[in-house]
**Student:** 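Please read through the structure below; I'll follow up with questions.
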Amino acid sequence: MQGLRKIIHIDMDAFYASVEQRDNPQLRGRPVIVGGDPDRRGVVAACSYEARKSGIHSAMSSVRARILCPEAVFLYPRFEAYRAVSAQIMEIFLEYTDLVEPLSLDEAFLDVTENKKGIGSATQIALEIKDAIFKRTSLTASAGVSYNKFLAKVASAYRKPDGITVVPPQKAQLFIEGLPIGKFFGVGKVTEKKMRELGISSGADLKKLSKDDLVKVFGKYGEYFHSIAHGVDNRPVSPERVRKSLGQEITLEEDIDDLGQMLEILDRLAHAVEQMLKRRDLEGRTITLKMKYHDLQSITRSVTIRERTNQSEVIMKHVRSLISGTDAGNRKVRLLGITLSNFQPDEVRVKKQDRQLILPIFEE
Amino acid sequence: MKCKINKSVLQNMLAKVQGFTERKSTLPILSHVLVEAQDDIFRIKATDLHTSIQVKAPCEVEEGGACAINAKSFYDLIRELPDGTVRIGIDDNAKAHIDVEKNKIKMNVMDPDEYPMVEFSSMDRGSPFELSVIKSMIDRTIFSIPSSAESDTKYTLAGALLISGHDELTGGYIEMVTTDSRRLSVARFSVDGKIDMGEGIIVPRKGLQELKRLMDSKDEESNILLSKDSIFFVSPDTTATVRLIDGKFPDYKSVVAIDAYPYYTRINAQELLSVLKVCAAMVSDISNCVRFSFQKDKTIVYANNPDQGEVETPVNSELHGEEMEINFNPRYFMDCLAYISGDTEIRLKGPQGPCMIMDNGKTDCKWVIMPMRF
């Protein structure tokens, strides 16, 4: 068996709102809500700790937030500012390890089992990173340190803001057992309700159930719940960005208006896309046709099919019907492209279970 | 309540009713059984509101009464006790006293009045139906009902469609159909006389499983009664009912239309089954499939597991149509081949299309199986 890994999860505290408070001193100490306009059915994207005291949380409608906290300051998000900070913290992470997996602009997993500075203690590294983040961005972050992703992620949320929680292997069982079920990564409102109906309200309760029982109720996630309840999570920290789409496009040497010629080019693109998909073991459900007319007007047409595919014939079958919804043939075209997206989730990819086809009567 | 009953009799009764309780429900009473002692008869009733059962046996009653008691705990306890006479009584503090020899056990019980009504009065409106036909239909289709976790919400797939009809050539029939969207099973049996099931009814999975269990246990003199909204199982000491549900079952006619499958190969079902069993052992993981290479005079079955090794075995067969290679999940074939004796016809559509396995022997059963991608 391999030695235990050292995983850190870093999560910025009330990220968008904190950036706003940093950049505008007048907002400090006040409830700040970043998100959509309450008058236009917006939702809360982030809120400061002052706003949270009034019971506001992200994803709540802005109207409701204003009722709960009438004195709150509503701001539109400034993604450029957040992205700039995100780049700064990423830089800090990379000083320690290349095994960084960003989950969003403000949180990331780091595998520091082997690190560039040769520091033995992951806790030491987490403290140094928090310190560096504060020095360079004037913002605070919380850190979770453990031997797998699940525990590190849950730990970072344990003491917030500006906290650090370390879950060493010998304390993992106790930590998991005491954890309310809603805190488990992957347990949303619906799953939580289901869990509570089954009498599961903490990690200790979850541990009592057998894998078979969990699979019966939660399907493939049952296995995951069973593993994490026993402190097992072997998912690696993978620095590669999760790919959302894959495609190929070509700007033609000369604008064309011959439909047959276009389909020939698209067929070649479809074959290229098939190769790219197969190399990465991906299959997509959404097929997008991109087209730029001679006047530079760009359009896309897409279709989502029931069965994921990586086959050029299937792609072309749909591209042929997509193209009929464009002006191709009437207007000259200068660029053609095909993109596949809506890929299977990782766990499916590993198991390849969806190689099993379904009966035609169940296709949409 | 105060009574005496033989331990093994009680244990058998409890074993029979376990499946009819509902342990996961938010209603704790549904994980209980209702125990009644009256007129020297000991009765146990259980229900999950959809499937219900009542079993009875003679006993010695000193004082009649009833209580609701946790089904699993009671059963687990009785199983561990030594053989002999079980004395059961209830005190005023909602405790059952269960004594066998030196063992003295107290168990919490619930108010019997809180137990849902388990009654079989509508049974009188049911008409008798041949048990062996129901049993054969269930055996041949139950494996393609999806488990609760994977059943589709759009269709009522978590059960079997039971439908009757009339065929010009063969006369009246009854048909059970199940599908998990990857395969579809149709078991059709001829019936004498007329039965009308309208658009068809759905028998929920759990009820079907429990009926099968009861029929497998080969009770003497057991009968099936069919009414518009329930199926009843009746034997001298057991009465069970499954409530039928309304639901939309997908229109499967096009999938089993023989014209949709222009090619076919004729092959010995049991020979193919034994070859597939070997393959399945090689590719135990469900992600792995078996390749069928349909050739003029043989079908080559090939399984490959990168971690273990490979198997390749030819089976004599007679192909009418184009040669082709298709991948299938071997389990799907094994499930239905087990019910075919002699030759079967595997009808084919094309390398990516479904196949239909036919049993044209005594029964008229069809199983449609979708392939796996390469």
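Naming convention: chains lettered A, B, ... in sequence-line order (proteins, then strands); numbering from 1 in each chain. Bear in mind the structure is a predicted one, so any value in this text is a computation, not a measurement.
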**Student:** In chain order, what residues pass the side chain to side chain contact (heavy atoms under 4.5 Å, CB included) check against Val256(B), with sequence neighbours excluded?
**Tutor:** Leu184(B), Val186(B), Tyr252(B), Met356(B), Lys366(B), Val368(B)
**Student:** Might you confirm whether atom CD of Glu323(B) has over 12 heavy atoms from other residues, nucleotides or ligands at distances under 6.0 Å?
**Tutor:** yes
**Student:** Using a heavy-atom cutoff of under 4.5 Å, enumerate the residues of residues 194-210 of chain A that contact chain B, numbered in order, or state 'none'.
**Tutor:** Glu197(A), Leu198(A)
**Student:** To the nearest 0.5 angstrom, please state how far the CG atom of Asp251(B) sits from the CD1 atom of Ile361(A).
**Tutor:** 7.5 Å
**Student:** Residues in side chain to side chain contact (heavy atoms under 4.5 Å, CB included) with Asn70(B), at least two apart?
**Tutor:** Ser31(B), His32(B), Lys72(B), Ser73(B)
**Student:** Please name all residues satisfying side chain to side chain contact (heavy atoms under 4.5 Å, CB included) with Thr288(A), sequence neighbours left out, ordered by chain then number.
**Tutor:** Thr286(A), Thr300(A), Ser302(A), Thr339(A)
**Student:** Can you give me the closest heavy-atom contact between Phe362(A) and Pro250(B), atom names plus distance?
**Tutor:** CZ-CG, 3.6 Å
**Student:** Quick check: are there more than 12 heavy atoms from other residues, nucleotides or ligands sitting under 6.0 Å from NZ of Lys212(B)?
**Tutor:** yes
**Student:** A quick test of your reading: do over 12 heavy atoms of other residues, nucleotides or ligands sit less than 6.0 Å from CG of Leu103(A)?
**Tutor:** yes
**Student:** Using atom types as modelled and distance alone, determine if a side-chain donor or acceptor of Gln356(A) lies under 3.5 Å from a backbone N or O of Asn329(B).
**Tutor:** no
**Student:** Can you tell me how far apart CG (Leu359(A)) and CE (Met370(B)) are? Round to the nearest 0.5 Å.
**Tutor:** 6.0 Å
